Amino acid sequence: MKKGNELISQLSKNLQTPAGQTDSSSTSTSQTTSRETLQRAQQTKYAINTLFTMLEAAFPLKFKKAFPTDASLIEAKKVWIQGLSEFKPARIVKAGQKVLDTTKFFPDLSEIREHCKLHHDEMGLKKPLQAYYEACYAPEQTRDYRWSHIAVYLAARETGWMTLRSEEQRVAFPIFERNYNILCNRVLDGEDLEASIMKGIEDSRSKEAVRVADEHAEQSLRKTMEQQGIDPDSGRSAFETLKQSLPKRQ
């Protein structure tokens with residue numbers, strides 16, 4: 001739909017408008033975060049308004065039936081903003097356009113949410129487990145290798161090649177999956193894939209994976225010491241010395 005495409009184009013321009021410049025020396029981290037949160041909320045609100053404009057243009061009668069009064073329309077927008085706030089504003093509008101291109105029925109919030117979600121196959125990306133196996137068994141660990149997508153290489157590099165090759169799948173895969181999905185969402189949103197990925201310190205799955213990996217490494221180390229005739233318990237200092245001499249986990 002021509003009007004939908006024009007709205008998406010206009011939305012993209014509006015979302016690229018930089019925020020007012022401030023003196024970095026006098027702006028605290030909390031103020032910056034608050035400003036970014038407010039800007040994101042405003043952009044999401046604009047995206048929802050754009051989406052509703054598209055729906056009204058495509059389904060004028062059904063739109064009026066769904067939202068017969070100004071009060072019902074305002075309330076619906078509040079619900080949709082809350083229901084779609086986890087997604088980037090541009091993705092919300094693109095999802096609306098996709099729905100309009102593929103259905104003749106008036107969509108509800110759940111349909112828009114489904115189209116906002118990451119679907120790896122639609123983006124030409126492997127699903128996480130397939131990408132994990134590709135990373136684990138790739139004969140080369142270089143960017144120049146013929147990866148199915150550069151996101152696989154970047155996720156593997158972020159996870160750590162040693163982790164992928166030496167740890168059990170139950171330990172390594174959750175870490176790889178998190179990194180890979182972050183990168184895949186960047187692909188979907190047209191963002192920079194090379195930007196650093198923050199460690200999932202608060203991600204319980206990642207914390208558990210690290211804990212299990214550390215336990216596994218210590219058990220292996222104890223077994224090695226026992227095979228060499230060293231008592232891990234009575235020779236704790238030797239145990240710690242040997243442990244520290246091993247390569248650190250990436």
Side-chain angles (χ1 to χ4, degrees), residues 1-60 62-64 66-103 106-119 122-123 178 181-198 200-203:
M1 297 177 62
K2 183 177 180 181
K3 186 170 183 178
N5 291 329
E6 292 175 350
L7 287 170
I8 292 176
S9 177
Q10 184 60 45
L11 174 67
S12 298
K13 292 179 181 178
N14 289 344
L15 295 185
Q16 291 171 3
T17 301
Q21 298 297 318
T22 58
D23 182 0
S24 58
S25 62
S26 62
T27 302
S28 67
T29 301
S30 60
Q31 290 176 326
T32 301
T33 302
S34 297
R35 185 172 64 252
E36 291 175 349
T37 300
L38 177 60
Q39 184 181 38
R40 173 66 179 270
Q42 293 173 337
Q43 291 174 344
T44 300
K45 182 178 180 180
Y46 181 80
I48 296 299
N49 286 333
T50 301
L51 176 59
F52 272 64
T53 299
M54 293 166 59
L55 294 177
E56 184 176 17
F59 305 99
K62 293 179 180 178
F63 187 90
K64 186 63 178 178
F67 315 112
T69 65
D70 289 342
S72 64
L73 179 59
I74 292 173
E75 187 60 31
K77 287 184 178 181
K78 290 180 180 179
V79 173
W80 284 49
I81 288 174
Q82 183 175 6
L84 298 172
S85 61
E86 67 189 88
F87 303 109
K88 295 293 180 68
R91 190 189 298 194
I92 295 172
V93 179
K94 288 179 181 178
Q97 184 60 54
K98 188 172 183 180
V99 169
L100 297 183
D101 289 341
T102 57
T103 182
F106 189 81
D108 58 17
L109 175 58
S110 63
E111 290 179 83
I112 300 296
R113 276 188 56 83
E114 185 60 30
H115 282 281
C116 282
K117 294 178 181 178
L118 171 64
H119 297 278
E122 294 181 8
M123 298 298 298
R178 173 185 179 275
N181 280 334
I182 288 175
L183 289 163
C184 287
N185 276 292
R186 289 180 181 177
V187 172
L188 182 57
D189 291 324
E191 297 179 348
D192 180 15
L193 296 186
E194 301 290 348
S196 62
I197 296 177
M198 292 185 64
I201 298 176
E202 300 303 325
D203 189 321

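What you see is a predicted model, and the numbers here were worked out from it, not measured in a lab.
A donor-acceptor pair is defined here as one N or O able to donate and one able to accept, closer than 3.5 Å; no such pair exists between the side chain of Glu56 and the backbone of Thr53.
Residues Gly96 and Leu51 approach most closely at CA-CD1, 3.5 Å, considering heavy atoms. Residues Ala47 and Pro89 share a closest heavy-atom pair of CB-O, 3.5 Å. Pairing each heavy atom of Leu109 with each of Gly83, the nearest pair is CD2-CA, 4.4 Å. Scanning both residues, Leu100 and Ala58, for their nearest heavy atoms gives CD2-CB, 3.9 Å. Across Cys116 and Leu84, no two heavy atoms sit closer than the pair SG-CD2, 4.4 Å.
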side-chain contact (heavy atoms from CB on, under 4.5 Å) between Asp189 and Phe87, intermediate numbers included
CA-CA 10 Å; Asp189 291 324; Phe87 303 109; over 6 Å; no
Show your working on side-chain contact (heavy atoms from CB on, under 4.5 Å) between Val99 and Met54 and close with a plain yes or no.
CA-CA 11 Å; Val99 169; Met54 293 166 59; over 6 Å; no
Take Val187 and Leu193, measure what side-chain contact (heavy atoms from CB on, under 4.5 Å) needs, and give me the verdict at the end.
CA-CA 7 Å; Val187 172; Leu193 296 186; 3.6 Å; yes
Do Leu188 and Glu122 pass the side-chain contact (heavy atoms from CB on, under 4.5 Å) test, and can you show the C-alpha distance, the side-chain angles, and the key distance before you say yes or no?
CA-CA 10 Å; Leu188 182 57; Glu122 294 181 8; over 6 Å; no
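The NE2 atom of His115 sits 4.5 Å away from atom OG1 of Thr102, with the distance rounded to the nearest 0.5 Å. Note: Ile112 CD1 to Glu114 CD = 11.0 Å, rounded to the nearest 0.5 Å. From Thr69, atom OG1 reaches atom CD1 of Ile74 across 8.5 Å, with rounding to the nearest 0.5 Å. The distance from the CG atom of Leu183 to the CD1 atom of Ile197 is 4.0 Å, given to the nearest 0.5 Å. A distance of 10.5 Å separates CH2 of Trp80 from CG of Leu73, quoted to the nearest 0.5 Å. The NZ atom of Lys88 sits 8.5 Å away from atom CZ of Arg186, with the distance rounded to the nearest 0.5 Å.
Annotation for Lys45: atom NZ does not count as buried by contact number, only 12 or fewer foreign heavy atoms lying within 6.0 Å. Remark: Gln82 CD is loosely packed, at most 12 non-hydrogen atoms of other residues, nucleotides or ligands lying under 6.0 Å away. For Asp192, the CG atom is densely surrounded, since the number of other residues' heavy atoms within 6.0 Å is greater than 12.
Aromatic ring orientation, Phe52 versus Phe67: tilted (interplanar angle from 30° to 60°).
Side-chain contact between Arg91 and Asn185 is present, with heavy atoms from C-beta onward closer than 4.5 Å.
Under the side-chain hydrogen bond (donor to acceptor under 3.5 Å, both in side chains) criterion, Lys64 pairs with no residue at all, not counting sequence neighbours.
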